[in-house]
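These notes concern the structure reproduced below.
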Amino acid sequence: MDNLQDPLSFLNDRQKSAVLHTEGPVLIFAGAGSGKTRVITSRVAYLIREKGVKPWNIMAITFTNKAAKEMRERVDRMVGMGSDAVWVATFHSSCVRFLRRNPEAVGYERNFTIYDADDSRRLMKQVIDGMSRLPNNFKPRSVSGAVSRAKNDFMSPDDLEAEKGYDLYWRSVAEAYREYQKRLRANNAMDFDDLLLNSVKLLSENPEILENWQERFRYIMVDEYQDVNAVQFELVKLLASKYRNLCVVGDDDQSIYRFRGADIKNILGFEKSFPDAYVVKLEQNYRSTQTILDAANAVIKNNDSRRDKKLWTDKGEGEKIRYREFYSGYEEAGYVVDDIDSKYRKGRSLNDFAILYRINAQSRYFEDRLVEEGIPYSLVGGVSFYARREVKDILAYLRLVESPQDDISVSRILNVPKRGIGKTTENRVTAYALQHEISLYEALLRIDEVPDVSAAAAKKIRAFTDMTEKWRACLPEKGLADITRMILEDTDYENQIEAQSNEEEEERLENLAELMSKIESFQMNGEEADLSAFLEEVSLMTDLDQVEEGTPRVLLMTVHSAKGLEFPGVYLTGLEDGVFPGQQNINSFDPSDMEEERRLMYVGITRAMDDLTLTHAKTKLLHGEYQSFPVSRFVKEIPKELLDIDEPGGSSGGYLSGRNSIPERSARTYRGAVSGRTVSGDIGDGFHGSDMAEITSAKAATGKPKKSPGKPYSSLIERPPAAGAVRYTVGDRVKHLLFGEGTVKEMNPGPRDTVVTVDFDTAGTKVMYAGFAKLEKL
DNA sequence: AGTCAGCGAGTTTTT
DNA sequence: CTCGCTGACT
């Protein structure tokens, strides 16, 4: 006990009061970096050590596995013995545990499958394919989104139809929704929304089960409360309604998940649901310099719907925030990477830096540059490891072994790798299954009864089901890892990949090896490391959860992913009006859309501890076309005196020429890359300090201009245009493929190519590279 | 049954 | 630009 920290040490007065107020509802407004995790963990420790509360009567809910993991570690450290009985989990994994205990109460079997967004979209596509008379623009993606939003609002298909059924589109959404739910049920599967929804159903319809959990969780704490949606709020209310010891911690200014149903009203209106709530505001920030906080405050104060609060720190003023403007995204990335590089040379760890952007598509520029410079990086987000095709294929096999009712998995792998079971056969089996209301797999087992299937096809199908049955039979004695190996072997999966001999082949095999080793270490670590536990863990895992500490590397991620993290040096990039904030939010009629973007900016700024750099590229490749963007309105909301502004004169930044002074570094081998973007091999030798021509020729020399993040030179590097392409001059009328006709206003020699400004008759003024614009003189 | 070219469309953020 | 789908061809 003695080596454990006193729960109240290192807390300021406000934090202390939040910890000491253990009974009844508590609402903590915790500004960015105000030590909220410390408050929650201290509270847990205080409850156990000073109030004699049993560890198993305490629940702490978070949104991400990462947050849960961090909280778990800190609780362990502070509480010591018995801390493992404290329930620390995410909303989703908590729900899975509720549902696994009483699946029958919501009409499911214990081994139900969890569908991720991709599975769910596939199912929706099947549903839509089976519908007649579709409205225009009826795409799985948008329908899935609409259904998800309905679910997050507790709306059933009937509700949806009742509310919006006058409209053909929404009537069809309701119809698809109904069928989608039916099929989920038939597949013994739940999507992410169902995990929450069915948990609420379970608890609200079964008083004895609810009572059981209420008795268990006498003290409940919810982190990132601003992100809860209606269903999550209901769940929390149900669990807390008996003892009412509910402590929620959040920051309305950091609510950035509205698009997936999070409702800021839940935190702003908490006192309406719990009028006796004790409210604490934590405004002292322990993370950032005053300058950074001033900037954050200046931006966020432009939002109307928020609790007024103001972050402060005693950390001192610190450096000014650097604002840099560039002509292109390429230059922007060059600046950021070079800056990191020079700090790295001065002894800073690469772990000190994060490059943040609004949209994942922007990562390319930075990846390319980091690869050129030979700087290790990890990319969070994008296509996550478990969403990669080959990984999902193998997981689908495993799911099939676990739950034969899972039609989505069956149809995914029925002919993967190719085994001669074509679409025609699949359609026949599917029709038969639908008709007889059996699962696809069941129909495959009864292939002899399915009409019109050739003997040859039936034989192949029997080979497939025999294999599956064998795996299922072997599972109990062989275990997860061996079964996976058997699957790989029996399906000849790896050889099939090799046979394809395209350039992703190597990467795919690496991913499979990675999956295999993940499975092995999973099996080694847990006591109940069986197939279903693995599938469950994997289905709730995200990229961010896999970021490994240790290896020094720069992190690249979206601002969304960065929430909850902090870095000494942050590069907040792509600050263009139209990108951040995004065009659709600029166009939106709903002012709260812009407020959400502004909160995102606020989150981005407040990630920085000491150094913050804001960058803006005037021209960017978006939707396959160069477009010019003005600086983000959010940058303009920051008082000038907080900024160190250095706008390079003219269109070419001075830093590019300065690059030549960067000495060569020996080639470095690095690996890592979350999300399977493993970067390895000798990279960057000989090309440092190169100019564009060298890079381009080096590219040509490799003979592989194909873009692949794992390989040195991406096709996204802007190349010089074909020579002699420019046949017009200022004042000429020209025609553009997309923008139509216009007049050339300006032509400036850029660093690599002539920059043309054209005033289009209908599309407005565009700035573009002559080599790319392919303008035709009229 | 499988392959491949050509076309069109879509692009935010994620548990 | 890049993905995914369709449809024609082998």
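We name chains A, B, ... by the order of the sequence lines, and we start the count at 1 in each one.
- Atom NZ of Lys563(A) is separated from atom P of dT13(B) by 16 Å (rounded to the nearest Å).
- In terms of the salt bridge (charged side-chain N to carboxylate O under 4.0 Å, His left out) criterion, Lys460(A) has no residue partners (sequence neighbours excluded).
- Each of Ile256(A) and Lys139(A) lies near DNA chain B, and the nucleotide nearest Lys139(A) is the one positioned closer to the 5' end.
- Between the CZ atom of Arg388(A) and the C1' atom of dC3(C) there is a distance of 15 Å, rounded to whole Å.
- The side chain of Gln584(A) approaches dT11(B) more closely than any other nucleotide in the set dT13(B), dT15(B), dT11(B).
- Every residue meeting the salt bridge (charged side-chain N to carboxylate O under 4.0 Å, His left out) condition with Asp253(A), not counting sequence neighbours, appears here in chain and number order: Arg306(A), Lys309(A).
- Taking atom CG of Asn229(A) as the reference point, atom P of dT15(B) lies 14 Å away to the nearest angstrom.
- Proximity of Thr558(A) to the phosphate of dT12(B): no side-chain N or O atom is located under 4.0 Å from OP1 or OP2.
- Closest contact between the side chain of Arg364(A) and the listed nucleotides dT15(B), dT13(B), dT2(C) involves dT2(C).
- The ring pair (Phe, Tyr, Trp, His ring centres under 6.0 Å) search around Phe580(A) returns none, not counting sequence neighbours.
- Residues satisfying the side-chain contact (heavy atoms from CB on, under 4.5 Å) test with Arg149(A), not counting sequence neighbours, are none.
- Glu596(A) has its CD atom 14 Å from the P atom of dT12(B), to the nearest Å.
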Please list, pair by pair, any protein nitrogen or oxygen found under 3.5 Å from a nitrogen or oxygen in nucleotides 1-6 of chain B.
from, atom 1, to, atom 2, distance (Å)
dA1(B), OP1, Thr425(A), OG1, 3.2
dA1(B), OP2, Thr424(A), OG1, 3.1
dG2(B), OP1, Gly420(A), N, 3.1
dG2(B), OP2, Asn415(A), ND2, 3.3

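- When rounded to the nearest whole Å, the span between CG of Asn585(A) and P of dT11(B) equals 15 Å.
- Atom C1' of dT13(B) sits at a distance of 22 Å from the matching atom of dG4(C), rounded to the whole Å.
- With hydrogens and angles left out, the side-chain atoms of Tyr180(A) and Ser120(A) include a donor and acceptor closer than 3.5 Å.
- Remark: C1' of dT12(B) and OH of Tyr257(A) are 12 Å apart, rounded to the nearest angstrom.
- Distance, Leu196(A) CG to dT14(B) P: 18 Å, rounded to whole Å.
- Taking Asn229(A) as the reference, Asn152(A) meet the side-chain hydrogen bond (donor to acceptor under 3.5 Å, both in side chains) condition, with sequence neighbours excluded.
- Judged by distance alone, with hydrogens and angles left aside, the side-chain atoms of Ser199(A) form a donor-acceptor pair with the main-chain N or O of Leu195(A) at under 3.5 Å.
- For Tyr225(A), the ring pair (Phe, Tyr, Trp, His ring centres under 6.0 Å) partners at least two apart in sequence or on another chain are Phe270(A).
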Could you write out each protein N or O paired with an N or O of nucleotides 8-10 of chain C at a distance under 3.5 Å?
none

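- Across residues 145-152 of chain A, not one residue has a non-hydrogen atom less than 4.0 Å from an atom of DNA chain B.
- Residues satisfying the side-chain hydrogen bond (donor to acceptor under 3.5 Å, both in side chains) test with Lys125(A), not counting sequence neighbours, are Asp129(A).
- Every ring pair (Phe, Tyr, Trp, His ring centres under 6.0 Å) that Tyr257(A) has, sequence neighbours left out, goes to Phe259(A), His560(A).
- At the phosphate of dT13(B), OP1 or OP2 sits under 4.0 Å from a side-chain N or O atom of Asn360(A).
- In this structure, Lys518(A) forms a cation-pi arrangement with Phe385(A), its terminal cationic atom sitting closer than 6.0 Å to the ring centre and no more than 45° off the ring axis.
- Checking dT13(B), dT15(B), dT11(B) against every side-chain atom of Arg141(A), the shortest atom distance belongs to dT11(B).
- Aromatic stacking is marked for Phe259(A) over dT13(B), as both cut-offs hold: 5.5 Å for the centres and 30° for the planes.
- The CD1-C1' distance, from Ile359(A) to dG10(B), rounds to 13 Å in whole Å.
- Applying the salt bridge (charged side-chain N to carboxylate O under 4.0 Å, His left out) test to Arg258(A) and every residue at least two apart in sequence or in another chain returns Asp590(A), Asp593(A), Glu596(A).
- Counting atom types as modelled, Arg260(A) pairs no side-chain N or O with a base atom of dT13(B) as donor and acceptor under 3.5 Å.
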